Amino acid sequence: QVQLVESGGGLVQPGGSLRLSCAASRSIFSFNTMGWHRQAPGKQRELVARVWSGGSRNYADSVKGRFTISRDNIKNTVYLQMNDLKPEDTAVYYCYGLSANAETWGQGTQVTVSS
């Protein structure tokens, strides 16, 4: 069972930047898709960004142009670069990986955007 561990969350002012990391315990080649979801208090968990094994990416409209997802197969790590952060980006961010027959989630990392 591959495990995913997120890091890089924290407190940042509006307009600031953070980079989240998702480290896998073994090779991520088996994941067809990896990405990030987020969940704010009282809200549904929502898709933020995802990247396919071939490098294709897509983003939620709310983060398009501000966030960038990348995948490093050598380091077995997925990143989420978050720029121009807004208070509405405040949430717990979860990393996930999807293979043909399994769905794996990390424990989450808190991102708080506040002045």
Side-chain angles (χ1 to χ4, degrees):
Q1 290 282 346
V2 62
Q3 292 182 298
L4 302 175
V5 179
E6 304 98 331
S7 62
L11 176 64
V12 65
Q13 292 184 319
S17 298
L18 286 173
R19 188 176 77 160
L20 305 183
S21 298
C22 173
S25 60
R26 58 190 299 273
S27 175
I28 61 174
F29 278 107
S30 63
F31 289 127
N32 302 123
T33 305
M34 299 192 72
W36 296 87
H37 285 231
R38 68 186 181 187
Q39 187 168 25
K43 297 183 179 179
Q44 297 288 314
R45 188 174 296 190
E46 64 176 347
L47 175 68
V48 176
R50 55 187 171 182
V51 57
W52 282 262
S53 58
S56 182
R57 303 171 176 87
N58 81 327
Y59 301 89
D61 288 341
S62 60
V63 307
K64 194 174 299 181
R66 299 188 296 120
F67 291 11
T68 303
I69 187 170
S70 59
R71 175 172 177 163
D72 189 330
N73 292 331
I74 296 175
K75 295 182 178 180
N76 294 325
T77 302
V78 173
Y79 304 95
L80 185 67
Q81 178 66 48
M82 305 186 294
N83 297 326
D84 191 24
L85 284 161
K86 303 175 180 180
E88 51 264 42
D89 295 318
T90 296
V92 177
Y93 285 70
Y94 298 91
C95 179
Y96 75 93
L98 299 176
S99 64
N101 58 1
E103 178 180 280
T104 303
W105 292 86
Q107 84 286 355
T109 185
Q110 176 71 48
V111 172
T112 302
V113 184
S114 176
S115 60

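Just so it is clear, the model here is predicted, and its values are computed rather than measured.
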Which heavy-atom pair separates Ala100 from Asn32 by the least distance, and what is that distance? N-OD1, 3.6 Å
Distance col, row Glu6:CD vs Leu80:CG, nearest 0.5 angstrom, shows 11.0 Å
Report, as yes or no, whether the 6.0 Å neighbourhood of atom CD on Gln44 holds more than 12 heavy atoms from other residues, nucleotides or ligands. no
When rounded to the nearest 0.5 angstrom, what is the spacing between CD1 in Ile28 and OG1 in Thr33? 11.5 Å
Give, for atom OG1 of Thr112 and atom CG of Asp89, the distance between the pair rounded to the nearest 0.5 Å. 11.0 Å
Between Ala24 and Leu4 the two heavy atoms that sit nearest each other are CB-CD2, 3.7 Å
How about Gln13 and Leu85: do any of their side-chain heavy atoms sit closer than 4.5 Å? no
Tell me whether Gln3 at atom CD has more than 12 heavy atoms from other residues, nucleotides or ligands lying less than 6.0 Å away. no
Note, Arg38 side chain near Ser62 side chain (heavy atom, < 4.5 Å): yes
Taking 4.0 angstrom as the limit, do Asp61 and Lys64 come out as a salt bridge? yes
Smallest separation among heavy atoms of Ser21 and Thr77, with atom names: CB-CG2, 4.3 Å
Side-chain H-bond candidate by donor/acceptor type, Ser17 with Asn83, under 3.5 Å: yes
Testing the basics here: between Met34 and Cys95, what is the closest heavy-atom pair and its distance to 0.1 Å? CE-SG, 4.4 Å
Side chains of Thr109 and Ser7 in contact at under 4.5 Å (non-hydrogen atoms): no
Flag yes if Val92 and Tyr79 sit in one hydrophobic cluster, no otherwise; membership is Ile, Leu, Val, Met, Phe, Trp, Tyr, and two members link when side-chain heavy atoms are under 4.5 Å apart. no
Shortest non-hydrogen contact between Leu18 and Gly8, atoms and distance: CD2-O, 3.8 Å
Tyr94 and Trp105 aromatic ring geometry - parallel, tilted or perpendicular at 30°/60° bounds: perpendicular
With a 4.5 Å cut-off on side-chain heavy-atom distances among I, L, V, M, F, W and Y, is there a chain of contacts connecting Ile69 to Trp52? no
What closest approach, in Å, do Ser99 and Ser30 show between heavy atoms, and which atom pair accounts for it? CB-O, 3.3 Å
Arg50 vs Tyr96 side-chain heavy atoms within contact, under 4.5 Å: yes
Do you know which of Thr104, Leu98, Val51, Asn73 makes side chain to side chain contact (heavy atoms under 4.5 Å, CB included) with Phe31? Thr104
Does any part of the side chain of Val111, heavy atoms only, come nearer than 4.5 Å to the side chain of Leu20, both counted from C-beta? yes
State the CE-OG1 distance between Met82 and Thr68, to the nearest 0.5 angstrom. 11.0 Å
